[in-house]
Number of protein chains: 4
Amino acid sequence: MGRPSNKSERRAEIVQAMMQVMAVRGYEGASIQAIAKQAGLAPGLIHYHFKTKQDILLGSVTQLSNVLKGRYLSLSENAETSEDKLKAFITARLSKGEGASQQAVVAWVMIGSEAVRQPEVKAAYLEALREQKALLEDLLQDYFDTFLKKGKLNKKELNSKVAFVMAFMEGAFSLSITAQEIMPNSWAADELLSKLKI
Amino acid sequence: MGRPSNKSERRAEIVQAMMQVMAVRGYEGASIQAIAKQAGLAPGLIHYHFKTKQDILLGSVTQLSNVLKGRYLSLSENAETSEDKLKAFITARLSKGEGASQQAVVAWVMIGSEAVRQPEVKAAYLEALREQKALLEDLLQDYFDTFLKKGKLNKKELNSKVAFVMAFMEGAFSLSITAQEIMPNSWAADELLSKLKI
Amino acid sequence: MGRPSNKSERRAEIVQAMMQVMAVRGYEGASIQAIAKQAGLAPGLIHYHFKTKQDILLGSVTQLSNVLKGRYLSLSENAETSEDKLKAFITARLSKGEGASQQAVVAWVMIGSEAVRQPEVKAAYLEALREQKALLEDLLQDYFDTFLKKGKLNKKELNSKVAFVMAFMEGAFSLSITAQEIMPNSWAADELLSKLKI
Amino acid sequence: MGRPSNKSERRAEIVQAMMQVMAVRGYEGASIQAIAKQAGLAPGLIHYHFKTKQDILLGSVTQLSNVLKGRYLSLSENAETSEDKLKAFITARLSKGEGASQQAVVAWVMIGSEAVRQPEVKAAYLEALREQKALLEDLLQDYFDTFLKKGKLNKKELNSKVAFVMAFMEGAFSLSITAQEIMPNSWAADELLSKLKI
DNA sequence: TATGAATGAGTATTCATTCAT
DNA sequence: GATGAATGAATACTCATTCAT
């Protein structure tokens with residue numbers, strides 16, 4: 001029967017290693033050799049588990065997306081009001097509790113950059129963004145339910161709020177990487193929420 | 001006597017060419033060969049005018065920074081109220097009137113990515129951001145002058161607003177590049193201003 | 001499991017190939033491509049085994065140094081008197097019995113030239129020279145033991161003899177490469193020894 | 001009629017500049033750009049005065065050769081005995097009175113290295129060596145005149161002495177450049193002469 | 001004569017990917 | 001599954017030489 005497969009763990013290790021290297025050297029700097037070294041594996045093994053380097057990057061999109069989903073679910077578990085859920089969503093993305101977060105943030109920004117020239121990366125990146133946007137839309141719809149029903153807020157205005165939050169979060173990521181010196185250390189969900197108020 | 005110098009024009013051409021190529025292929029993809037081809041120059045000439053590839057990138061930071069300054073100055077020329085000036089600032093960055101804008105935006109985001117691994121790029125990027133932040137601070141201080149004097153707004157809250165605007169603008173750039181499909185085509189200065197209201 | 005390592009053989013092959021090419025084209029002329037071709041290897045492989053071109057040169061310093069040591073040991077094996085040992089030392093360096101010698105000599109001279117501008121090469125070159133000098137010192141000390149004890153030769157004069165032999169040998173190398181036409185084909189150890197006599 | 005020609009001074013300046021740069025960076029490192037900078041001239045001008053880079057090197061062979069000749073003539077002016085003349089020859093080459101000497105020595109060694117791969121350089125180098133050898137031969141012949149006539153020294157032995165001196169001087173040059181740490185600071189002509197005694 | 005821009009071939013080095021074991 | 005050697009194309013950068021002024 002041979003030894004038991006460990007494909008999925010190895011793949012996760014490799015994706016993890018790439019993100020670690022990318023956090024310091026960027027995507028181009030994250031050579032297969034460097035990733036292998038970081039993961040404690042032989043270079044040849046990387047391509048046994050991933051067809052191309054791009055595939056590892058795509059794997060990291062998936063993993064990052066899953067982590068965010070997981071964090072939101074865990075944070076919203078006890079949320080009851082629509083506001084709590086919205087806060088859970090924002091906190092899941094903006095808080096930098098864990099040490100791994102920094103790497104994740106850099107990786108996310110790098111993915112955004114690579115999306116410029118790698119169509120497949122762009123597709124995966126967009127897909128992840130769409131998912132987040134869909135969730136945010138639902139949450140905001142609930143949050144502004146009353147206003148919507150009263151006609152004090154129309155669909156277009158809601159969309160604008162959605163886009164607004166998305167952009168802010170993306171920018172907070174970008175700046176937190178290289179411009180932390182001139183940015184506040186942390187953003188409170190409350191603060192962002194207050195800007196959305198009507 | 002001798003051949004007249006054309007260094008500054010050539011340098012500008014090269015920086016321009018790099019931004020054009022980067023807009024499609026990213027920084028790594030913007031090879032010296034590709035830049036030379038885009039500029040219609042011999043590859044060797046690039047290094048006659050710029051010591052390293054990084055220097056071209058640094059040149060583009062300066063150029064982008066200058067363009068933004070120029071746009072703000074031109075837009076704020078007839079601005080009288082502090083609100084008009086603030087709008088001029090935001091419009092200068094968010095409007096995508098000219099065709100060159102898209103390239104500029106991509107270049108700016110690429111610079112942010114490269115800042116992760118190139119200390120010199122980070123320094124230049126931060127310097128440009130600091131300048132913008134300083135201007136924005138002044139503008140917001142004027143804009144909220146009354147509140148500040150009345151004590152309804154403190155320094156920390158003002159700083160938060162500054163950071164907030166900076167992050168939003170940066171994120172709007174990032175998303176406009178690869179995720180324009182899911183983002184609104186344009187952002188009105190009024191819209192952003194409304195979020196800042198007290 | 002896995003492919004067996006062959007690093008040390010490959011490294012030796014590459015060093016050998018560099019010396020062969022250098023013997024004809026000099027250090028600069030010994031391009032990585034040329035070395036690879038001479039060794040029958042792919043260019044990329046050279047850098048898999050040596051980080052830089054300089055490292056190959058440093059490898060050749062070590063190799064040459066070892067060859068000389070080996071030759072001396074083999075020649076002095078049956079030497080009993082201090083004079084025989086001294087002759088063994090000189091012969092080990094000046095005789096050109098083997099075919100490989102010519103390459104070795106050229107390589108050695110090239111290393112001396114490169115030492116001018118490559119500090120690391122200079123260090124390695126000096127280290128090798130120091131070792132040889134130390135050995136020569138011992139040998140001459142034994143050879144002139146009687147005179148030293150009688151006070152007919154002082155330390156400074158001994159040092160002068162050491163330096164004298166070193167210089168002569170180095171010069172014989174240099175001239176044997178390009179000026180063999182005007183130099184004698186071979187130098188006898190006896191001849192050199194006679195100049196040292198008191 | 002135009003301005004007066006200054007070809008020969010310019011040529012000398014350029015040769016001088018090349019030797020200065022070579023003393024630090026070697027022949028390959030002595031780029032035309034670097035030579036031009038050192039000479040305070042525009043790069044293009046170098047090729048107006050010298051067809052190729054090699055020509056400058058050949059020019060330096062000539063110049064070095066002339067300097068040595070000049071030094072010998074000046075030192076031997078008041079020499080009366082054959083021994084004095086021989087000392088003048090040796091001193092002309094080994095003394096390092098002037099500051100320019102170091103550069104000259106390095107240049108000479110570099111020329112020897114380049115002779116390996118540049119036939120034209122080899123020819124010029126050999127020619128210069130031959131000239132020196134011829135002079136040395138004459139001097140030694142005079143010096144050992146009595147022995148030769150008495151048959152206590154034959155032609156072959158004389159030649160050996162000539163070659164011996166040539167080799168020693170060349171080696172003293174080589175080692176003085178990079179191995180001055182392990183070599184004596186200066187060589188006295190007397191010292192060398194004593195080795196030649198019969 | 002002189003200047004400095006322009007050319008294009010050449011170089012060391014990196015690296016994703018493949019292959020032999 | 002795993003190892004590590006091997007491949008070859010691509011890249012930034014250098015530089016002798018030429019050219020326009």
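To find a chain, count down the sequence lines: A is the first, B the second, and so on, and within it residues start at 1.
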(Q) Nearest whole Å is fine: how far is E:dC15 C1' from A:Gln54 CD? (A) 16 Å
**Q.** Spacing between C:Lys37 atom NZ and E:dT11 atom P, to the nearest angstrom
**A.** 12 Å
Q | Distance, rounded to the nearest Å, where C:Ile14 contributes CD1 and F:dT7 contributes P | A | 11 Å
Q. Starting at the 5' end of DNA chain F and moving along, which residue's nearest nucleotide shows up first, D:Pro43 or A:Lys7?
A. A:Lys7
Q. Which residues within residues 27-35 of chain B lie with some heavy atom under 4.0 Å of an atom in DNA chain E?
A. none
**Q.** Closest nucleotide among F:dA12, E:dA12, E:dC19 to the C:Lys53 side chain
**A.** E:dA12
Q. Any side-chain donor paired with an acceptor under 3.5 Å for A:Gln54 and A:Glu114?
A. no
Q: Respond yes when some side-chain nitrogen or oxygen of B:Asn6 is under 4.0 Å from OP1 or OP2 of F:dA20, and no when none is.
A: no
(Q) Tell me whether the count of non-hydrogen atoms from other residues, nucleotides or ligands lying under 6.0 Å of NZ in D:Lys51 goes above 12. (A) no
Q) Given pairs defined as Watson-Crick or G-U wobble with both distances under 3.5 Å, what dot-bracket annotation applies to DNA chain E, with ( ) intrastrand, [ ] crossing, | other strand and . unpaired? A) .||||||||||||||||||||
Q. Which value, rounded to the nearest 0.5 Å, describes the distance between A:Ile14 atom CD1 and A:Ile56 atom CD1?
A. 6.5 Å
Q. Is there a side-chain polar atom (N or O) of B:His49 under 4.0 Å from OP1 or OP2 of E:dG4?
A. no
Q.
Nearest heavy atom decides the nucleotide; on that basis, is D:Tyr48 or B:Arg10 closer to the 5' end of DNA chain E?
A. D:Tyr48
Q. Please give, in whole Å, the distance from F:dT3 C1' to A:His47 NE2?
A. 15 Å
Q | Inter-residue atom distance B:Leu57.CG - B:Thr62.OG1, 0.5 Å rounding | A | 10.0 Å
Q. Hey, what do you get for OG1 (C:Thr178) to OH (D:Tyr125), rounding to the nearest 0.5 Å?
A. 4.5 Å
Q.
If I take atom CG in residue C:Asp55 and atom P in nucleotide E:dA12, what distance separates them, rounded to the nearest angstrom?
A. 14 Å
Q: Could you say whether D:Gly44 or A:Arg25 is positioned toward the 5' end of DNA chain E, judged by the nucleotide with the nearest heavy atom to each?
A: D:Gly44
(Q) From CZ of B:Arg117 over to C1' of E:dT14, roughly how many Å is that when rounded to an integer? (A) 12 Å
Identify all side-chain donor-acceptor contacts of residues 18-45 of chain D below 3.5 Å with residues at least two apart in sequence or on another chain.
{"residue": "D:Gln20", "atom": "OE1", "partner": "D:Gln38", "partner atom": "NE2", "Å": "2.3"}
{"residue": "D:Glu28", "atom": "OE2", "partner": "D:Arg117", "partner atom": "NH2", "Å": "2.1"}
{"residue": "D:Ser31", "atom": "OG", "partner": "D:Ala34", "partner atom": "N", "Å": "3.1"}

Q | C:Leu58 CG to C:Gln118 CD distance, which is reported to the nearest 0.5 Å | A | 7.5 Å
Q. What are the two closest heavy atoms between D:Gln16 and D:Gln63, and how far apart are they?
A. OE1-NE2, 3.3 Å
Q.
To check you understand the geometry: which heavy-atom pair defines the closest contact between B:Val61 and B:Ala124, and what is its length?
A. CG1-O, 3.7 Å
Q: Calculate the interatomic distance between D:Ile46 atom CD1 and F:dT18 atom P; express it in whole Å.
A: 14 Å
(Q) Counting C-beta onward and ignoring hydrogens, is there a side-chain heavy-atom pair between A:Val109 and B:Val116 closer than 4.5 Å? (A) no
Q: Looking only at side-chain atoms of C:Thr52, point me to the closest of F:dA12, F:dT7, E:dT13.
A: E:dT13
Q | B:Leu45 CG to F:dT18 P, straight-line distance once rounded to whole Å | A | 18 Å
